[in-house]
Amino acid sequence: MNNQGVLFISPDDKDIDNLKKQQGDDFYTIADDANNYFSEASTYLDSMKIPYKNYNSDHIIGFKTNEKFVEIPKYKNPWYLIFYQNGKYKVLDLIDVREEYPKFFNSRKPTNSMNLDSKRIIDSVAGNKYFVVEERDCDLNNDTFKDKIIILGNNNDVDPHDPDTRIAPILILLNEQNERYKILTNQYIYPNNFGDAFKRLVVKNQFFTIELSNEVPDKYISNKYITFRYDEKAGEIVLSKYGEIIHWNDGEKNNILCSEKNFGKISFQEFSSNEIQNKCPQ
C-alpha cells in the first residue's frame, strides 16, 4: 500500500467454505448482512468521491516502513475494511465507515469561509423584513458535514389584507463538502393563509418536522406537523408526512394524516401549507 487508501476485504473461496461449515444456514444471513453493509459503506465513499479497492482474504496486505514490510493482520470478521495512511492503519467493521473515516483521515476539506458564511446568506434573505426565530445545526444528508435549518419570522403581524405578512422564509443550507452551501428556500409554510404560528422544530437523522399552531377563540385550536426527509436517491429534501389535529370548541376533534402515498413527491421548495389539505384524505 502506498500513501493512503481504503480497502474492502472479503473472504476467499476457502474461507467461505469454512464459514459455511461453521455457521450452517446462518452463513447466508451473515453474508446478506455483509453485502448490505458493503453497499452502505461504498455508497458513502462514492458520495464523497473517495476511491477504494476490493481484495479477497487470500491476499497479503501490508506496507513498507523503514525498508521493512509490515503485514496487516486479518480482522476478526470475514468482511471488513482497512484504512491506511502514511505508515498507520486501522482495521474495522463495514458498518463503522461513516464514523471512523473522518477521524482516521482527518478528511474534512478546509472550510471555504466565504462560501460557507451562513450569516451572510441569512442576512441577504432576511433583510429588514424578517428575523431569525431558530437556527439549527444538523446533518440531513448524513455525509458528516454540518447542514443548517433556519426559521425566519416576519417583522410584521399577520394582516389578512396584506399577503406579504403571511410569508416567513424557512431556509435549508446543505453543506457541500465544506466548499459551499446549497440553499433551499420555502416561504409558504407559515404564517400562510391560516395565520399559523411557528411552534417547534424537531430534527432526527435525515428527518425534520416543523410544528405549527393556531387558535381562533371560541372556535378551535389546531396543531400541524410537517415532516420532511432527505431523499438519498434524488439528492433532495422532500415531504414525508403531513398531520393536523383540530380541537373544536364544541368538543369535536379532527385528525388529518397523510404521507407520500397520498400526495406523491413534493420537494421542500414546492410545499405549500395553503394547498396540502387538498391532497390529503379528509
Side-chain angles (χ1 to χ4, degrees), residues 47-48 98-99 102 107-158 163-192 194-214 222-232 234-244 266-274 276:
S47 72
M48 303 279 285
R98 288 180 183 271
E99 180 179 354
S107 65
R108 294 182 182 275
K109 299 179 181 179
T111 298
N112 185 324
S113 58
M114 186 66 179
N115 291 339
L116 287 175
D117 186 350
S118 60
K119 184 179 185 304
R120 179 177 60 85
I121 295 171
I122 295 168
D123 289 346
S124 69
V125 175
N128 295 323
K129 296 179 65 176
Y130 309 107
F131 64 96
V132 175
V133 177
E134 183 168 349
E135 180 177 341
R136 182 78 64 86
D137 292 336
C138 52
D139 184 9
L140 295 174
N141 50 4
N142 204 21
D143 64 356
T144 75
F145 294 100
K146 187 186 296 183
D147 307 315
K148 288 180 177 291
I149 301 174
I150 300 98
I151 312 293
L152 296 179
N154 199 308
N155 282 323
N156 296 307
D157 294 333
V158 176
D164 287 345
T165 65
R166 299 197 294 270
I167 290 174
I170 294 177
L171 309 178
I172 298 176
L173 306 184
L174 291 177
N175 186 331
E176 296 186 325
Q177 299 188 30
N178 269 353
E179 293 182 350
R180 65 185 66 83
Y181 280 125
K182 180 179 180 180
I183 305 170
L184 308 179
T185 307
N186 186 308
Q187 58 184 15
Y188 299 109
I189 294 177
Y190 95 107
N192 59 56
F194 306 100
D196 292 331
F198 171 75
K199 183 178 180 181
R200 189 167 65 140
L201 171 65
V202 179
V203 182
K204 185 175 182 180
N205 300 324
Q206 294 172 293
F207 294 81
F208 66 95
T209 298
I210 297 168
E211 298 184 13
L212 307 178
S213 63
N214 202 337
S222 74
N223 292 287
K224 296 176 181 177
Y225 305 88
I226 308 165
T227 300
F228 296 92
R229 67 177 177 85
Y230 181 78
D231 185 331
E232 290 188 356
E236 62 179 339
I237 306 291
V238 298
L239 182 65
S240 177
K241 291 181 181 180
Y242 174 82
E244 182 175 357
I266 300 176
S267 70
F268 171 78
Q269 303 94 305
E270 296 171 331
F271 174 82
S272 172
S273 290
N274 299 328
I276 186 62

Those residues at least two apart in sequence (or on a different chain) that pass side-chain contact (heavy atoms from CB on, under 4.5 Å) with N155 are F131

In Å, rounded to the nearest 0.5 Å, how long is the span from CZ of F271 to CD1 of I237?
-> 14.5 Å

In short, L140 meets Y230 closest at the heavy-atom pair O-CB, 3.3 Å

Those residues that, when tested against V238, pass side-chain contact (heavy atoms from CB on, under 4.5 Å) (two or more places apart) | R229, D231, E236, E260, K265

Show the numbers, then the answer: is there a side chain to side chain contact (heavy atoms under 4.5 Å, CB included) between L152 and I122?
-> CA-CA 9 Å; L152 296 179; I122 295 168; 4.2 Å; yes

Sorted by chain and residue number, the salt bridge (Lys or Arg N to Asp or Glu O under 4.0 Å) partners of D196 (sequence neighbours excluded) come out as K224

Rounded to the nearest 0.5 angstrom, the CD1-CG distance for I149 and L201 is 5.0 Å

Sequence neighbours excluded, the answer for side-chain contact (heavy atoms from CB on, under 4.5 Å) partners of N205 is none

Could you pull out the closest heavy-atom pair between C138 and V203, with the gap in Å?
-> CB-CG1, 3.9 Å

Show your working on side chain to side chain contact (heavy atoms under 4.5 Å, CB included) between L116 and N178 and close with a plain yes or no.
-> CA-CA 7 Å; L116 287 175; N178 269 353; 3.6 Å; yes

Spacing of N186 atom CG and S273 atom OG [to the nearest 0.5 Å] | 7.5 Å

From R180 atom CZ to N175 atom CG, the distance as rounded to the nearest 0.5 Å = 10.0 Å

Between Y181 and I121, which heavy-atom pair has the shortest distance, and what is it?
-> CD1-CD1, 3.7 Å

T227 backbone acceptor or donor facing T209 side chain under 3.5 Å = no

Take D147 and L173 through the test side chain to side chain contact (heavy atoms under 4.5 Å, CB included) and record every step on the way to the result.
-> CA-CA 6 Å; D147 307 315; L173 306 184; over 6 Å; no

Would you please say whether a donor-acceptor pair under 3.5 Å links the side chains of Y242 and E244?
-> yes

Looking at V202 and E211, what are the two nearest heavy atoms and their distance?
-> CG2-OE2, 3.7 Å

Side-chain (D139) to main-chain (D143) donor-acceptor, under 3.5 angstrom | yes

Within 6.0 Å of CZ in R136, more than 12 heavy atoms from elsewhere = yes

Any side-chain heavy atom of Y190 within less than 4.5 Å of one from I151?
-> yes

Hey, is the main chain of F194 close enough, under 3.5 Å, to the side chain of N214 for a donor-acceptor pair?
-> yes

Are I150 and V125 side-chain neighbours, meaning at least one heavy-atom pair lies under 4.5 Å?
-> no

Looking at CD of E176 and CG of N141, how far apart are the two atoms once the value is rounded to the nearest 0.5 Å?
-> 9.0 Å

Closest non-hydrogen atoms of N142 and Q206, given as atom of the first, atom of the second and distance, are CB-NE2, 4.2 Å

Using the ring of each side chain (for Trp, its six-membered ring), is F228 parallel, tilted or perpendicular to F208, with breaks at 30° and 60°?
-> parallel

Partner residues of N154 under the side-chain contact (heavy atoms from CB on, under 4.5 Å) criterion, sequence neighbours left out = Y130, N156

Minimum heavy-atom distance T185-P169, with the two atoms named | CG2-CB, 4.2 Å

Checking D123 side chain against R120 main chain: does a donor-acceptor pair fall under 3.5 Å?
-> no

Ring pair (Phe, Tyr, Trp, His ring centres under 6.0 Å) with Y188: which residues, sequence neighbours excluded?
-> none

Step-by-step side chain to side chain contact (heavy atoms under 4.5 Å, CB included) determination, D137 to K148 | CA-CA 5 Å; D137 292 336; K148 288 180 177 291; 2.7 Å; yes

Can you measure from CG (L174) to CG (L184) and round to the nearest 0.5 angstrom?
-> 5.0 Å

